[in-house]
Number of protein chains: 2
Amino acid sequence: MKGTIVAELTQEQRQLIEKMGIYHEQQGFPPVTGRIMGLLYVTDRLHLSFEEIVETLHISKSATSNALQLLQQMHLIEYTTYSGDRKRYFGALLENWHEEVLNKMESILGLSKLLRQANELRGDANPTMNQKVTERIEFMEFLSREVPALMYKWLQVRKG
Amino acid sequence: MKGTIVAELTQEQRQLIEKMGIYHEQQGFPPVTGRIMGLLYVTDRLHLSFEEIVETLHISKSATSNALQLLQQMHLIEYTTYSGDRKRYFGALLENWHEEVLNKMESILGLSKLLRQANELRGDANPTMNQKVTERIEFMEFLSREVPALMYKWLQVRKG
DNA sequence: TTTTTAGTTCTCAAAATTATGAACTAAAGA
DNA sequence: TCTTTAGTTCATAATTTTGAGAACTAAAAA
């Protein structure tokens, strides 16, 4: 049986999808990819088919295919299948923000390593600079330890 | 008196500048802008002149001018002047990571507001989704409160 | 006043990114 | 087997981003 091809959305919801799209663009996503994230967050359906995404956002199959693959690689979405139905049903991985937080901390730690190397190469040529950079490095390391700890504590309290 | 036009850097330092450049590119900066940040972090000089930046990185005056303006708007660098010397001396704002952290938290709060609106528009069409999204929203709000608190506490212990 | 210096702005070209449509693949259905 | 469906890949077009070089401005120096 063939259902509706377009996910029904109010005008307000469509506007919100665009806002979320822009947010994601600002975080470095390509436009179409951001819109898809917006759609998957705004819809009341846990999963939308490939075709629904294409038709709802008025984007090409190829752009959709590429964007969905990117989002899967980033662990932001997943898809489900049903036997006897060849379609894929895509949904946002709404629980995966844990991972995102940890990744972000890794990235910060990456910069702290580069700054540490800068200090080493500077040697004692400019102690004032080294001291300021060290403060920043130590804060970054502190954050990378404390934010995950904070998160786990929060999850504990939440989940019981 | 005219000093050297090029900041002297070891090969290792030049490589590190590139790595920092790439890091900044990945954070959304244009390439030249990232290299300038790299240079200002790696050099042992608190301040470099416009001309030194141009000559050291082999980039055009126009690209340099634009990049420096962008970085100033982002509060990542500043410049000093000396009376009787028309040049501007640019340096990284090594202390401003406080602001950066607060801005990041604001940005996260921005997404949480969009997600909250998504939940409102969804109404009770999908309680499961609303509940999952709510958990994320609440964590984001929690982080936006706790990370600044953590930072101020850290600064207290450090400086106090 | 003319020239030099320091940097900005403008115009344009090169490069990179993004998305389209067509061709294609693989599996299912008729 | 032939056709349809679901999605991917390829070639290309459109757009955007980025940076170079020249022209320009404003202030200082000669």
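Per chain, numbering begins at 1; letters A, B, ... match sequence-line order.
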How long is the line joining [atom1] of [X] and [atom2] of [N], in whole Å?
X     : N      : atom1 : atom2 : result
B:D85 : D:dA29 : CG    : P     : 10 Å
A:R86 : C:dG29 : CZ    : C1'   : 8 Å
A:H58 : C:dA19 : NE2   : P     : 16 Å
A:I53 : D:dT8  : CD1   : C1'   : 15 Å
B:N66 : D:dT17 : CG    : P     : 14 Å
B:L48 : C:dG7  : CG    : C1'   : 16 Å
B:L68 : D:dT18 : CG    : P     : 16 Å
B:F29 : D:dT17 : CZ    : P     : 16 Å

Phosphate oxygens OP1/OP2 of [N]: is one of them under 4.0 Å from a side-chain N or O of [X]?
X     : N     : answer
A:Q69 : D:dG7 : no
A:K87 : D:dA6 : yes
A:R88 : D:dT8 : yes

Under a 3.5 Å cutoff, is there a donor and acceptor pairing between the side chains of A:R136 and B:Y41?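 Yes, B:Y41 and A:R136 have a side-chain donor paired with an acceptor closer than 3.5 Å.
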- Message: Between B:K61 and B:E51 (salt bridge meaning N to carboxylate O under 4.0 Å), is one present in this structure?
- Response: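 A salt bridge is absent here (no side-chain N lies under 4.0 Å from a carboxylate O).
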Carboxylate-amine/guanidinium proximity below 4.0 Å for B:R35 and B:E25: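 A salt bridge is present here (some side-chain N lies under 4.0 Å from a carboxylate O).
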From CA spacing to verdict: ring pair (Phe, Tyr, Trp, His ring centres under 6.0 Å), B:Y89, B:Y79:
CA-CA 5 Å; B:Y89 294 88; B:Y79 70 83; 9.7 Å; no
Counting heavy atoms from C-beta on, name the nucleotide in [options] closest to the side chain of [X].
X     : options               : value
B:F50 : C:dG7, D:dT18, C:dT20 : C:dG7
B:S62 : C:dT18, C:dT9, D:dT18 : C:dT9
A:K61 : C:dA6, D:dT8, C:dT18  : D:dT8

Keeping B:T33 on the side-chain end and B:F29 on the backbone end, is there a donor-acceptor pair under 3.5 Å?
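Absent.
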